[in-house]
2 protein chains.
Amino acid sequence: MLSLIANVNFPYLRCMLSKKTKYGLKALTFLAAQKGRSPVQISEIAKHENISQKFLESILLTLRKTGLLGSKKGKGGGYYLIKEPKDIPMTTVMRVLEGPIAMVPCVSLNFYEKCDDCPDEASCSVHKLMLQVRDSTLEVFRNNTLADLVP
Amino acid sequence: MLSLIANVNFPYLRCMLSKKTKYGLKALTFLAAQKGRSPVQISEIAKHENISQKFLESILLTLRKTGLLGSKKGKGGGYYLIKEPKDIPMTTVMRVLEGPIAMVPCVSLNFYEKCDDCPDEASCSVHKLMLQVRDSTLEVFRNNTLADLVP
DNA sequence: GCTTACTCTATTAAATCGATAGGGTAATAA
DNA sequence: TTATTACCCTATCGATTTAATAGAGTAAGC
């Protein structure tokens, strides 16, 4: 039996999902739950999801620029979904918010980079393992759309 | 079709696998490939895997403290595997080196923490999604032992 | 007893994250 | 037209973590 004593100092310091992604997902889910395409104010989303309004602004802006959301200014304005929730795969959302899905650059589909310390990917044990992780994670994201996240 | 233009500034900044884990995995694989239980010097591992020797020292120390490695001092000393590679599951290695496997604390088996912004996990869309990711990742790590990583 | 190689502590620079502040601009209603 | 509302953008901040380095200490073996 193996002890984890040496790692008792891991009180979840290294969180792999950024707050940006987390808040973005929550906001998208909230919008999806509204069903209609009528704009929802930032302040309403922020309040309902316990998110810093200013921080949320920047996140929604990103989502709008990448074509996931539309916005309307002025009185009665806000953000709204452009597509149907069922047509928004999680792969898209995650890549927009979080960036690479892979745990190491050398197994990333959209953000590939060679490891500078690794002479040969084919014989790299880390590469081999992380390739499997990427594939399984990718499958989860491919099998889920925004519609699946709405309670 | 969705553009990733807004994220062109993602040159893999947020690497999810730390160098510590990466180097640790490489070192373990190297030791496993040596087959025999004879000690291997830190300097030899560091040179072969292109790792900073001092950094590697601290990593191997962690692995020894958690019972994965043994060490021998003095001339002819070094590090060696205590168990057979096939008896070392990746779940163990990853938890020792990287810590939590889950992407958010609220779905972690060994490092659970409640989200302070989330009133109800059962209805949280992020929770629901990340639970699936954790399970699929965990399955990969459970299906791989150190022996599977050796080329 | 001397060499070798592991062990430990402390420190460093760089980078990132999350958050905040404050001002600017555009669209809408009255 | 004017006031209001709400989106849009830039800059900055401290806290934290990572990766790496330096240097001194200690134990085992020849």
Side-chain angles (χ1 to χ4, degrees), chain A residues 6-7 9-24 26-27 31 38-47 49-66 69-80 97-100 103-104 115-117, chain B residues 6-7 9-24 26-27 31 38-47 49-66 69-80 97-100 103-104 115-117:
Chain A
N7 293 329
N9 294 334
F10 266 146
Y12 236 103
L13 303 173
R14 182 187 184 77
C15 187
M16 287 166 146
L17 194 77
S18 67
K19 296 263 185 187
K20 180 182 174 185
T21 304
K22 187 182 183 188
Y23 294 162
K26 287 192 170 191
L31 288 175
S38 56
V40 179
Q41 295 172 32
I42 292 181
S43 59
E44 186 183 342
I45 306 175
K47 187 179 288 181
E49 301 294 339
N50 291 312
I51 306 172
S52 151
Q53 178 161 342
K54 276 294 191 180
F55 193 22
L56 182 58
E57 276 185 24
S58 69
I59 297 168
L60 295 180
L61 203 54
T62 299
L63 293 173
R64 192 190 63 80
K65 283 183 181 170
T66 50
L69 292 180
S71 68
K72 192 185 170 201
K73 293 186 179 180
K75 189 162 192 173
Y79 280 100
Y80 54 90
L97 290 171
E98 191 77 4
M103 293 181 86
V104 280
C115 299
D116 48 359
D117 61 302
Chain B
N7 292 331
N9 294 334
F10 266 145
Y12 237 104
L13 303 173
R14 183 187 183 76
C15 188
M16 288 167 143
L17 194 79
S18 67
K19 297 262 186 187
K20 179 182 174 184
T21 303
K22 187 181 181 187
Y23 294 162
K26 287 192 170 191
L31 288 175
S38 56
V40 180
Q41 294 172 32
I42 293 181
S43 59
E44 187 183 342
I45 306 175
K47 186 180 288 182
E49 301 295 337
N50 290 313
I51 305 172
S52 151
Q53 177 162 342
K54 276 293 189 180
F55 192 23
L56 182 60
E57 277 184 20
S58 67
I59 297 168
L60 295 180
L61 205 53
T62 299
L63 292 172
R64 191 190 63 82
K65 284 182 180 169
T66 50
L69 292 181
S71 68
K72 193 184 171 202
K73 294 185 178 180
K75 189 161 191 173
Y79 281 100
Y80 53 91
L97 291 171
E98 190 77 5
M103 294 181 87
V104 280
C115 299
D116 48 0
D117 62 301

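Lettering of chains follows the sequences in order, A, B, ..., and the numbering in each one begins at 1.
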Using the side chain to side chain contact (heavy atoms under 4.5 Å, CB included) criterion, which residues pair with [X]? Sequence neighbours excluded.
{"X": "B/K54", "result": "B/S52, B/E57"}
{"X": "A/T21", "result": "A/L17, A/S18, A/L25, A/M94, A/L97, A/E98"}
{"X": "A/D117", "result": "A/C115, B/K22, B/Y23, B/K26, B/N50"}
{"X": "B/K72", "result": "B/P39, B/Y80"}

Distance in angstrom units between [X] [atom1] and [N] [atom2], rounded:
{"X": "B/L69", "N": "C/dT7", "atom1": "CG", "atom2": "C1'", "value": "15 Å"}
{"X": "B/K20", "N": "D/dA20", "atom1": "NZ", "atom2": "P", "value": "13 Å"}
{"X": "B/R64", "N": "C/dC6", "atom1": "CZ", "atom2": "C1'", "value": "9 Å"}
{"X": "B/L56", "N": "D/dA19", "atom1": "CG", "atom2": "P", "value": "14 Å"}
{"X": "B/K19", "N": "D/dT17", "atom1": "NZ", "atom2": "C1'", "value": "15 Å"}
{"X": "B/I59", "N": "D/dA20", "atom1": "CD1", "atom2": "C1'", "value": "11 Å"}
{"X": "B/K22", "N": "D/dA20", "atom1": "NZ", "atom2": "C1'", "value": "15 Å"}
{"X": "B/K65", "N": "C/dT9", "atom1": "NZ", "atom2": "P", "value": "7 Å"}

Grab the N/O contacts between the protein and nucleotides 20-22 of chain C below 3.5 Å, and write none if there aren't any.
from, atom 1, to, atom 2, distance (Å)
C/dT20, OP2, A/S52, OG, 3.3
C/dG22, O6, A/K54, NZ, 2.2

Would you check if A/V40 and A/Y79 make a side-chain contact, meaning some heavy-atom pair closer than 4.5 Å?
no
Got B/I45 and B/L60 here, is their nearest side-chain heavy-atom distance under 4.5 Å?
yes
Selection from C/dT7, C/dG18, D/dA6 that lies nearest to any side-chain heavy atom of A/Q41
D/dA6
Of the nucleotides C/dA5, D/dA20, D/dA19, which has the atom closest to the B/Y23 side chain?
D/dA20
Residue pair [X] / [Y]: nearest heavy atoms and the distance that separates them:
{"X": "A/L56", "Y": "A/A27", "answer": "CD1-CB, 4.1 Å"}
{"X": "B/S71", "Y": "B/R64", "answer": "OG-CD, 3.1 Å"}
{"X": "A/G24", "Y": "A/L63", "answer": "O-CD1, 4.4 Å"}
{"X": "B/L69", "Y": "B/L31", "answer": "CD2-CD1, 3.6 Å"}

Tabulate protein N/O versus nucleotide N/O from nucleotides 25-30 of chain D, keeping only pairs under 3.5 Å, one per line.
from, atom 1, to, atom 2, distance (Å)
D/dA27, O4', B/K73, NZ, 3.3

For nucleotides 10-13 of chain D, give me every protein contact, N/O to N/O, under 3.5 Å, one pair per line with atom names.
none

Looking at A/S71, does any N or O in its side chain come under 4.0 Å of the phosphate oxygens OP1/OP2 on D/dC8?
yes
What residues, two or more places apart in sequence or in another chain, satisfy side-chain hydrogen bond (donor to acceptor under 3.5 Å, both in side chains) together with B/S43?
B/Q41
Counting any heavy atom closer than 4.0 Å, what does B/L60 reach on the DNA or RNA strands: base, sugar-phosphate only, or nothing?
nothing
Would you give the length of the straight line joining atom NZ of A/K20 to atom CD1 of A/I59, rounded to the nearest 0.5 angstrom?
7.5 Å
